[in-house]
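For the numbers below, each heavy atom of this structure counts, side chains included, while hydrogens, waters and symmetry mates do not. First listed ligand is number 1; within each ligand, the first listed atom is number 1.
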Amino acid sequence: MSDPDFIEIVNDRENNLKNISLKIPKNRLTVFTGVSGSGKSSIVFDTIAQEAGRQLNSTYDSFTRTFLPNYRRPDVDEVRNLSTAIVIDQKPLGGNARSTLGTVSDISPLLRILFSRFGTPHYGTASNAFSFNDPAGMCPTCEGIGKTYVVKRDAILDPEKSLNDGAILLPGYGPQTFLFQTLVATGWFDLDQPVKEFSPEKLAQLLNGEQSVRVNYKDSVFNVKFEGLERLFYRQNLKVGKGISEGARKKIEKFATMSPCPDCHGTRFNPEALAVKINGYNLYDLTAMQLTDLRTTLAEFSDTRMSNLIDSIQERVEGLIDVGLDYLSLTRETTTLSGGESQRVKTVKYLANSLTNLLYILDEPSTGLHPRDVHRLNDLLIKLRQKGNTVLVVEHDPDVIQVADYVVDVGPRAGIHGGQITFTGTYPELLKSETLTAKYLNRHLAIKDAPRLPEKFITSEPSRRHNLKDAILKIPVGLFTVVTGVAGSGKSTLVEQVFAKEHPEAIRIDQRALHANSRSNPATYMGVLNDIRKLLAAENGVSESLFSANSKGACPQCGGKGVVELNLSFMENATVTCSLCHGGRFDPQVLTYQFKGKNIEEIMAMTVEEATAFFAGTKVVAKLKNVLTVGLAYLALGQPLSTLSGGEGQRLKIAKELNKRGNIYILDEPTTGLHPSDIVTIVRIINDLVDKGNTVIVIEHNLDVMRSADWLIDIGPDGGTNGGEVLYAGPVAGVRMIPRSVTGQYL
Ligand code: ADP
Ligand code: ADP
Ligand code: ZN
Ligand code: ZN
């Protein structure tokens, strides 16, 4: 009998799951815990979210379905009592240069109404006059983007040369070209005079002049207009808001840099819209303020006719402040928000709508939050549940697990050593259990008692970028440094945008996907596939290329894809596993060749751990050993890199670096996706890197990682304009003596 108060999973075999069955209470907050790679995502995303999407789609007719996203049927007998699922992920909000925090949070439309009704002098007939995305409100020069390309003169002209000698560096101006002949036809220029000797008037004509000319070109006569180099460049390349390709952008940026628009100075609005004020503030003034200042300013708008509108605006502003985004302003472009910030903005949006009975799924929402601010996130999760929703969260932060109504622990370990449910129950019950999670929730690392001592430092120039107050980053060479501070205090700005730009030799190891193409896997990434092919080829006296599923060894039926696409128009598009190679991608003929009794397909199915034993005494072992060191022994050699979690991918990147020395590494929140027991591993890996003679800089909120560092740099004291100072730099213990440091209070 099915119980409608529970989501019921029956016999789940997705990825590493061992035929598990599970009941999850509805209208409750459930947290999934377990080591990285244990199978949490396999349950929550690959089973529940997939199946919810698939079940919802199957309620539509097949014609409609062709326009809906495709959901795979997960490898599970049954999932019962699902509601519509909404995954609130950490994918950047994306958007283009026109989407800002104001536009995505729906605050900008309300502010526009406020200004169109109550602003003076009165302007326009509709609220569109206050939209920088509408011709009525936008600055005409930059079309509401706030930035324009500004030509780099030294990149388009070589002043030492004459026009005939090729002074113009822009493409398309060679001596025989139509553009050059147009320029000649003006009769304005001495073609043999070096450009540096041009009078200011001549130079202005060359750059921005305009003249109707007759050009003889390829035996025809053309009546056209000459336009100066800059003028033409701007006319052709200014419309950046229209979305240009990456390639085109690269080409343009050889000759021009993005700079604030010279006419609106980055405000995006035209002068008419900017002239309209309420209480002395124009619309731009309000959107450029940090949210906490906006709240104070709006509270002073006392005209009672405005009060309904102001209340609606304040409610949304409060929502953003409540989740710890108080340091942002509405002008902030969504493309520049971090994954954690994007996820919190999305959550606030969902909270503002009045739908109930939904299933919300969040992946590590504590990412990017300082321990001080985690309670704000908890409030948000609880509010989502209180609106009558089921909330599922994958999370490792003990402070979040603590507010769960129900905990599901997956384990006991990663990959093939995981895939089971090791505990279900309440948080107090979890603490009393024998699980790995319980063990680590009860234990904390101590502050390192003999930290490495600095000898030399690498320093950045004082910076005022974003909120920085002439901050300097001074990194001790050959040490393990942690950079801390609340969200928005300026850590990424100082480390990634200031320090790393000045020291380009620093290597970022982030959690961004590392797969170059769909055929990449741990074997290709660590460079052992070629060695394995050589071994197989030598053993059998055949060509190496036979063991490549992209060339000679490819299955003749599917061309090495492993799947065949069925294109049934007006039906769901589907792929089926290739019937000849059964998804293995190799020509069956190739599989008759073996090394030590195994063919290429069997070898690629081995875990790294198995392969290390199997290839003992060959080159392969040396290259794979580092993968064991970073705790990824359970990955299969042929597992597509696209299936690795962010944390797994990050550790694989580290594995590739482990034999190098003398480098500077920057790691941004390496504990994301990591269970407390994995944290011991990552700390050990970082110490390995340092022992090998590297300098490691880690941006981190995890207290155990902070305590394990040699050197701590705390930025603060708060987010946004109230941050941007280096409050402390020194051995970890010392930060507790700094009264202004929030971090100090938590260590
Ligand atoms: P968690 O969310 O607990 O970190 P996952 O559910 O992502 O763990 O992964 C469980 C195991 O399944 C890991 O060993 C992972 O590498 C593997 N895995 C995940 N997705 C796939 C896939 N599409 N194909 C093969 N293996 C996968
Ligand atoms: P942290 O890494 O400590 O969370 P950040 O360096 O991301 O802090 O942010 C510091 C300040 O700079 C914040 O006020 C933030 O809003 C601002 N900021 C960060 N990136 C940008 C950007 N691309 N454009 C404008 N402001 C930014
Ligand atoms: Zn402008
Ligand atoms: Zn095939």
**Message:** What I want to find out is whether Glu700 reaches Lys491 closely enough, with some N-O distance under 4.0 Å, to be called a salt bridge.
**Reply:** no

**Prompt:** Heavy-atom count around Lys474 NZ within 6.0 Å, excluding the residue itself: above 12?
**Reply:** no

**Asked** For ligand 2, which atoms have a heavy atom of Tyr327 less than 4.0 angstrom away?
**Response** 13 (C), 14 (O), 16 (O)

**Aromatic ring proximity Phe132/Phe269, centre distance under 6.0 Å** = yes

**Message:** Give the atom numbers and elements of ligand 2 that come within less than 4.0 Å of a heavy atom of Leu328.
**Reply:** 16 (O)

**Prompt:** Hey, are Ser342 and Gln90 close enough side-chain-wise for a donor-acceptor pair under 3.5 Å?
**Reply:** no

**Prompt:** Under 2.8 Å from the Zn ion (ligand 3), how many protein N, O or S atoms can be found?
**Reply:** 4

**Message:** Distance under 4.0 Å to a non-hydrogen atom of Ala487: what atoms of ligand 2 satisfy this?
**Reply:** 4 (O)

**Prompt:** Between Glu51 and Arg54, is there a salt bridge with N-O shorter than 4.0 Å?
**Reply:** yes

**Prompt:** Salt bridge check: are Glu725 and Arg740 linked by an N-O gap of less than 4.0 Å?
**Reply:** yes

**Prompt:** Can you name the residues that form a side chain to side chain contact (heavy atoms under 4.5 Å, CB included) with Pro398, not counting sequence neighbours?
**Reply:** Leu441

**Prompt:** Judged by non-hydrogen atoms, does Ser489 sit under 4.0 Å from ligand 2?
**Reply:** yes

**Asked** Looking just at side-chain N and O atoms, do Asn15 and Ser42 make a donor-acceptor pair shorter than 3.5 Å?
**Response** yes

**Request:** Taking only heavy atoms of Val486 into account, list the atoms of ligand 2 that are under 4.0 Å away from them.
**Result:** 3 (O)

**Request:** Heavy-atom distances under 4.0 Å are what count here, so tell me which part of Thr493 touches ligand 2: side chain, backbone, both or neither.
**Result:** both

**Asked** Any chance NZ of Lys653 has more than 12 other-residue heavy atoms, nucleotides or ligands included, within less than 6.0 Å?
**Response** yes

**Request:** Examine ligand 2 and decide if any of its atoms is less than 4.0 Å from a heavy atom belonging to Leu468.
**Result:** no

**Complete:** Any heavy atom of Arg332 under 4.0 Å from ligand 2? The part involved is side chain

**Complete:** With His466 as partner, the option from Thr336, Thr721, Thr493 fulfilling side-chain hydrogen bond (donor to acceptor under 3.5 Å, both in side chains) is Thr493

Starting from the N and O atoms of ligand 1, find every protein N or O within less than 3.5 Å and list the pair with its distance.
from     : atom 1 : to     : atom 2 : distance (Å)
ligand 1 : 2 (O)  : Ser41  : N      : 2.8
ligand 1 : 2 (O)  : Ser41  : OG     : 2.4
ligand 1 : 3 (O)  : Ser38  : N      : 3.2
ligand 1 : 3 (O)  : Ser38  : OG     : 3.3
ligand 1 : 3 (O)  : Gly39  : N      : 2.9
ligand 1 : 3 (O)  : Lys40  : N      : 2.9
ligand 1 : 3 (O)  : Lys40  : NZ     : 2.8
ligand 1 : 4 (O)  : Gly37  : N      : 2.6
ligand 1 : 6 (O)  : Ser41  : N      : 3.4
ligand 1 : 6 (O)  : Ser42  : N      : 2.8
ligand 1 : 6 (O)  : Ser42  : OG     : 2.6
ligand 1 : 8 (O)  : Gly39  : N      : 3.2
ligand 1 : 16 (O) : Gln639 : NE2    : 2.8
ligand 1 : 20 (N) : Asn15  : ND2    : 3.1
ligand 1 : 26 (N) : Gln639 : NE2    : 3.4

**Request:** Answer with yes or no whether the side chains of Ser677 and Arg413 bring together a donor and an acceptor at under 3.5 Å.
**Result:** no

**Atom indices of ligand 2, in the order listed, that fall short of 4.0 Å to a heavy atom of Gly720** = 14 (O)

**Prompt:** Salt-bridged, Lys346 to Glu341, with N to O below 4.0 Å?
**Reply:** no

Do any side-chain atoms of residues 416-423 form donor-acceptor pairs under 3.5 angstrom with protein atoms, and if so which ones, sequence neighbours left out?
from   : atom 1 : to     : atom 2 : distance (Å)
Thr422 : OG1    : Asp409 : O      : 3.1
Thr422 : OG1    : Asp409 : OD2    : 2.8

**Asked** Could Asp12 and Lys18 be called an ion pair, given the rule that one side-chain N must be under 4.0 Å from one carboxylate O?
**Response** no

